[in-house]
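Computed from a predicted structure; not experimentally measured.
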Amino acid sequence: MSIFTPDDHRFMSQALQLAARGLYTTDPNPRVGCVLVRDGVVVGEGWHERAGEAHAEVRALAQAGERARGATCYVTLEPCCHHGRTPPCVRALIKAGVKRVVAAMEDPNPLVWGQGLVELEAAGIGTTVGLMAAETQALNPGFIKRMRHKRPFVRCKLAMSLDGRTAMASGDSRWITEEPARADVQRLRARSSVVMMGIGTVLADDPLYTVRRETLPDDYPGGAEAAVIRQPLRVVVDPHLSLPENARMLSAPGKTLIATASDDAEQIDLLRERGVEVVCLPGGPGTVDLNALLDFLGKTEVNEVLLETGAILSGSMLQAGLVDELVIYMAPILLGDGARGLFHLPALQQLSDAYRLDIREIRAVGRDWRIEATMQRRDS
């Protein structure tokens, strides 16, 4: 069992802070930070910003120059040992002459998974792994899940009143929460690969589902004036191809994908002419196979899905066991018995059948409350 020193913790914490700077931009790559330390002094640091650009280790080595020789490398993910969009970081570290590598966790990518550390050790470089692994995992839930299970991480975002309602009976829901909570949602959207919604939400609200410049978080690279904003892919679950041709999202920045069970070739061609991607999946009457949809998204390197939709699709995803995390914004208002509920779920006969949650965090966001939770196994 490895024993880490206070300095090890301090420098890995610094590497994690660097990794977090890539929260909104690295997709589909993981968020990784690196710190090079020689004789107790930081001589180089770096973080991965965008796929195809230099990895964190390469940036840190470039900053350190000759001072990297004999240094300890603190990196939040095992250095890669394969040729992807960029050359392997392992060989750069060996060439630079570092003497020790401390990795927070092994890379779950099957092309790496422990082999990077083996290659470093074969070159005479000491390696240890496991320092602050949980923090690294929390920073990269989508990449890790996709590497291990070939599917993206699904985060379901909802807004509700204190009595668990999401809209009035008429559908009026603007706005249940106040501006600070809505700005917080922009952070979730900005970090996501995909924003997913059902066709019912599109028909009712005609949303844009974009990351808006004026609401970008302060820690977005380049700030609110960033020249390039990475827009998540919009995925509409639309069994019958009912998306209106004048839907606002079709003219909004970013791309839209329709997941359908329809084989209407004429309508599919019309949508594709408008720049919409259409994927035809299995489905039943009025439904799309949601498992097949997540399998498809995993194959297209989607890491994180933000589910922003109504009670029907949210309920279907929940029942199918496809929701990894819930983020619920609760407003201090009451909407009454006639208002719409949070999830469309079948009636349960016994309390033992209830869906139970593990609450991970509750915090205030302005006057509203943000609840972060995960689902308990139904058989637990």
Side-chain angles (χ1 to χ4, degrees), residues 16 19-33 47-52 76-77 105 107-109 134-158 183-198 201 207 209-212 215-217 219-221 229-237 253-257 259 277 279 290-309 313-314 317-318 320-329 360-361 370-375:
L16 278 162
R21 295 179 65 180
L23 185 65
Y24 307 109
T25 58
T26 64
D27 204 67
N29 287 359
R31 296 116 185 180
V32 181
W47 56 284
H48 183 49
E49 185 171 334
R50 290 182 178 86
T76 57
L77 194 67
M105 64 175 288
D107 190 336
N109 186 338
E135 290 86 345
T136 294
Q137 291 168 4
L139 193 60
N140 292 297
F143 177 79
I144 292 170
K145 184 174 181 185
R146 179 166 65 84
M147 288 296 123
R148 290 177 176 170
H149 303 289
K150 303 186 184 305
R151 284 186 174 182
F153 182 91
V154 178
R155 180 180 289 113
C156 180
K157 166 259 160 184
L158 297 158
D184 195 64
V185 172
Q186 285 286 308
R187 290 177 179 267
L188 295 180
R189 198 178 288 175
R191 69 174 289 172
S192 300
S193 318
V194 157
V195 175
M196 184 188 298
M197 73 289 309
T201 297
Y209 283 130
T210 55
V211 177
R212 295 184 288 279
T215 54
L216 283 175
D219 52 356
Y220 191 92
I229 298 173
R230 187 189 65 81
Q231 296 289 347
L233 174 68
R234 294 178 291 270
V235 174
V236 183
V237 181
K255 297 181 179 180
T256 300
L257 179 146
E277 184 178 354
V279 57
L290 298 174
N291 280 283
L293 175 54
L294 291 187
D295 288 339
F296 169 81
L297 293 176
K299 291 176 183 177
T300 56
E301 295 190 308
V302 168
N303 286 341
E304 296 184 22
V305 170
L306 181 62
L307 187 61
E308 289 197 68
T309 190
L313 181 56
S314 293
M317 292 284 286
L318 195 70
L322 302 178
V323 174
D324 296 296
E325 179 180 273
L326 293 166
V327 178
I328 302 172
Y329 296 88
R360 297 197 312 194
E361 182 184 67
R370 184 185 192 272
I371 303 169
E372 192 174 299
T374 55
M375 303 298 301

Can you tell me if [X] uses its side chain to pair, donor with acceptor, with the backbone of [Y] under 3.5 Å?
| X | Y | value |
| --- | --- | --- |
| Arg230 | Ser192 | yes |
| Thr76 | Gly33 | yes |
| Asn303 | Pro28 | yes |
| Gln231 | Val211 | yes |

Audit row: Glu304, Arg31, salt bridge (Lys or Arg N to Asp or Glu O under 4.0 Å) steps and yes/no: CA-CA 13 Å; Glu304 296 184 22; Arg31 296 116 185 180; 2.8 Å; yes
Do [X] and [Y] make a side-chain contact, defined as non-hydrogen atoms from C-beta onward lying under 4.5 Å apart?
| X | Y | value |
| --- | --- | --- |
| Arg187 | Tyr24 | yes |
| Arg212 | Gln186 | yes |
| Phe143 | Asp107 | yes |
| Pro152 | Val194 | no |
| Ser314 | Leu158 | yes |
| Leu293 | Val237 | yes |
| Val32 | Trp47 | no |
| Leu313 | Leu307 | yes |

Are [X] and [Y] within salt-bridge range, i.e. N to O under 4.0 Å?
| X | Y | answer |
| --- | --- | --- |
| Asp184 | Arg370 | yes |
| Arg155 | Asp324 | no |
| Glu308 | Arg189 | yes |

Between [X] and [Y], is any side-chain donor less than 3.5 angstrom from a side-chain acceptor?
| X | Y | value |
| --- | --- | --- |
| Thr201 | Thr309 | yes |
| Arg50 | Asn29 | no |
| Ser193 | Asp27 | yes |
| Thr256 | Arg234 | yes |

After noting the C-alpha distance and the side-chain angles of Asp295 and Arg151, does the key distance pass the side-chain contact (heavy atoms from CB on, under 4.5 Å) rule? CA-CA 6 Å; Asp295 288 339; Arg151 284 186 174 182; 2.7 Å; yes
Start with the C-alpha distance between Ile371 and Val327, add both sets of side-chain angles, then the distance that settles side-chain contact (heavy atoms from CB on, under 4.5 Å), and finish with yes or no. CA-CA 6 Å; Ile371 303 169; Val327 178; over 6 Å; no
For Pro108 against Met105, the heavy-atom pair lying closest together: CD-CE, 4.2 Å
Does Val236 form a side-chain contact (heavy atoms from CB on, under 4.5 Å) with Met197? I'd like the steps, not just the answer. CA-CA 5 Å; Val236 183; Met197 73 289 309; 3.3 Å; yes
Would you give the length of the straight line joining atom [atom1] of [X] to atom [atom2] of [Y], rounded to the nearest 0.5 angstrom?
| X | Y | atom1 | atom2 | value |
| --- | --- | --- | --- | --- |
| Asn140 | Glu135 | CG | CD | 12.5 Å |
| Glu325 | Leu306 | CD | CG | 10.0 Å |
| Leu16 | Arg21 | CG | CZ | 14.0 Å |
| Cys156 | Met196 | SG | CE | 10.5 Å |

Let me see the working for Lys255 and Glu277 under side-chain contact (heavy atoms from CB on, under 4.5 Å), right down to the final yes or no. CA-CA 8 Å; Lys255 297 181 179 180; Glu277 184 178 354; over 6 Å; no
Not counting sequence neighbours, which residues clear side chain to side chain donor-acceptor pair (under 3.5 Å) with Thr26? List them please. none
